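Bear in mind the structure is a predicted one, so any value in this text is a computation, not a measurement.
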Amino acid sequence: MRATPQPKKGTALTIVETRTITGGVDTHADVHVAAVLNSIGGLLGTEEFPATPAGYARLLEWFSGFGTVGVIGIEGTGSYGAGLARYVTAADIRVVEVDRADRAERRRQGKSDPLDAVSAARAALSGRAQGAPKGRNGSVEAIRTLMVAKRSARGERTRTINQARALVITGPDDIHARFAKHTTAGLVAELASLRPRPGEVVGYTTRVALRELGRRAEFLDDQIDRLDELIVPLVTARAPSLLALHGVGPDTAAILLIAAGDHPERLRSEPAWAHLCGVAPIPASSGKTTDRYRLNPGGDRQANHALWRIVFTRMRSHPPTRTYVQRRLKEGLSKLEIIRCLKRYVAREVYPHLRPVAD
């Protein structure tokens, strides 16, 4: 049996201990508050840093002073923490997205930025927070920024047309008789071409107001078209197979891609994607509902609506879907239950098409 070598007398042993630490950051518009924990959850310190690139560098340097950074939990990676998340990821440090502490926990512990930073670090250390950030550095982020402008333009256009119709209803009789039966496109075109002539005050001012609303609607139409000229090629290049699915148009595809983010691999599985979209059935609590399942109330509401749009289109124009609906109706399912099942099916169908096209 070989004896274990022993150190010579007088030889000093040097033991180098590498400490792995976990960070947490509570993010705000102007400053970020950071907390650092050791491997067993002991608090090593808290500090405040500016929400600027120089502040991000100081924050990482401060973390590194306590040891090797294993993971950093960041609140608000899609808003105030987006820049910090990009910076930390570029430094090859793992980032996990941390949800805001719930109200019950805040009532127990009190509300302060350092406590929120500690809570974020504990969530990252315990594994309660595991999700990676969506990412804000690729084509999906470009699509998202354009869709923000398009969504607001579309909403403003709807409000403008509703205001014009309200003025037509309440305006003088000749205005009401002239414009009441117009289609939306016809109304906008004719209102924009009005040339009011001075005369009776209410009639003149009403025509001026209607002309301006019509021109505003035309401007917004042009703006939406210009945005589509940018959005459609980006969506087509990112996910052509998604657009090839029945009932999936550029808007719907864009919403689904935005929900998945620039790094869809962060979605660990198809059920995780369904959960994010709010279509994963969860067993209902007794006494709450007569249904066996209820829809997950969390998740991305925009993605949930996009799935509904696909289902609605297929229920009108997709023969296999129409056949399925008729069969399920004969089995006694309600229309709402059938739509829930179809949304879950569509979520499963689109999931493989969310990843970018391989070069």
Which residue pairs satisfy the ring pair (Phe, Tyr, Trp, His ring centres under 6.0 Å) criterion with at least one member in residues 144-165, sequence neighbours excluded? none

For [X], give me all partners under ring-ring contact (aromatic ring centres under 6.0 Å, His included), at least two apart in sequence or on another chain.
X: Tyr324; result: none
X: Phe312; result: Trp308
X: His176; result: none

Looking only at side chains, do Thr77 and Glu97 share a donor and an acceptor under 3.5 Å apart? yes

Presence of salt bridge, [Y] and [X], under 4.0 angstrom:
X: Glu331; Y: Arg327; value: yes
X: Arg157; Y: Glu218; value: no
X: Asp174; Y: Arg207; value: yes

What residues, two or more places apart in sequence or in another chain, satisfy salt bridge (Lys or Arg N to Asp or Glu O under 4.0 Å) together with Asp173? none

Test side chain to side chain donor-acceptor pair (under 3.5 Å) applied to [X] - qualifying residues, sequence neighbours left out:
X: Thr22; result: none
X: His182; result: Glu190
X: Arg165; result: Thr184
X: Tyr87; result: none

Should side-chain heavy atoms under 4.5 Å link Ile, Leu, Val, Met, Phe, Trp and Tyr, which residues sit in the same cluster as Leu43?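 Its cluster mates, by chain and number, are Leu37, Val118, Leu125.
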
Transitive ILVMFWY cluster of Phe179 at side-chain heavy atoms under 4.5 Å: who else is in it? Leu167, Val168, Ile175, Leu187, Leu191, Leu194, Leu210, Leu213

Does anything in residues 46-61 pair up under side chain to side chain donor-acceptor pair (under 3.5 Å), and if so which pairs, sequence neighbours excluded? none

Report the C-alpha distance between Arg144 and Glu141 in whole Å, list the side-chain angles of each, state the deciding distance to 0.1 Å, and finish with yes or no for salt bridge (charged side-chain N to carboxylate O under 4.0 Å, His left out). CA-CA 5 Å; Arg144 186 190 71 84; Glu141 175 64 6; 2.9 Å; yes

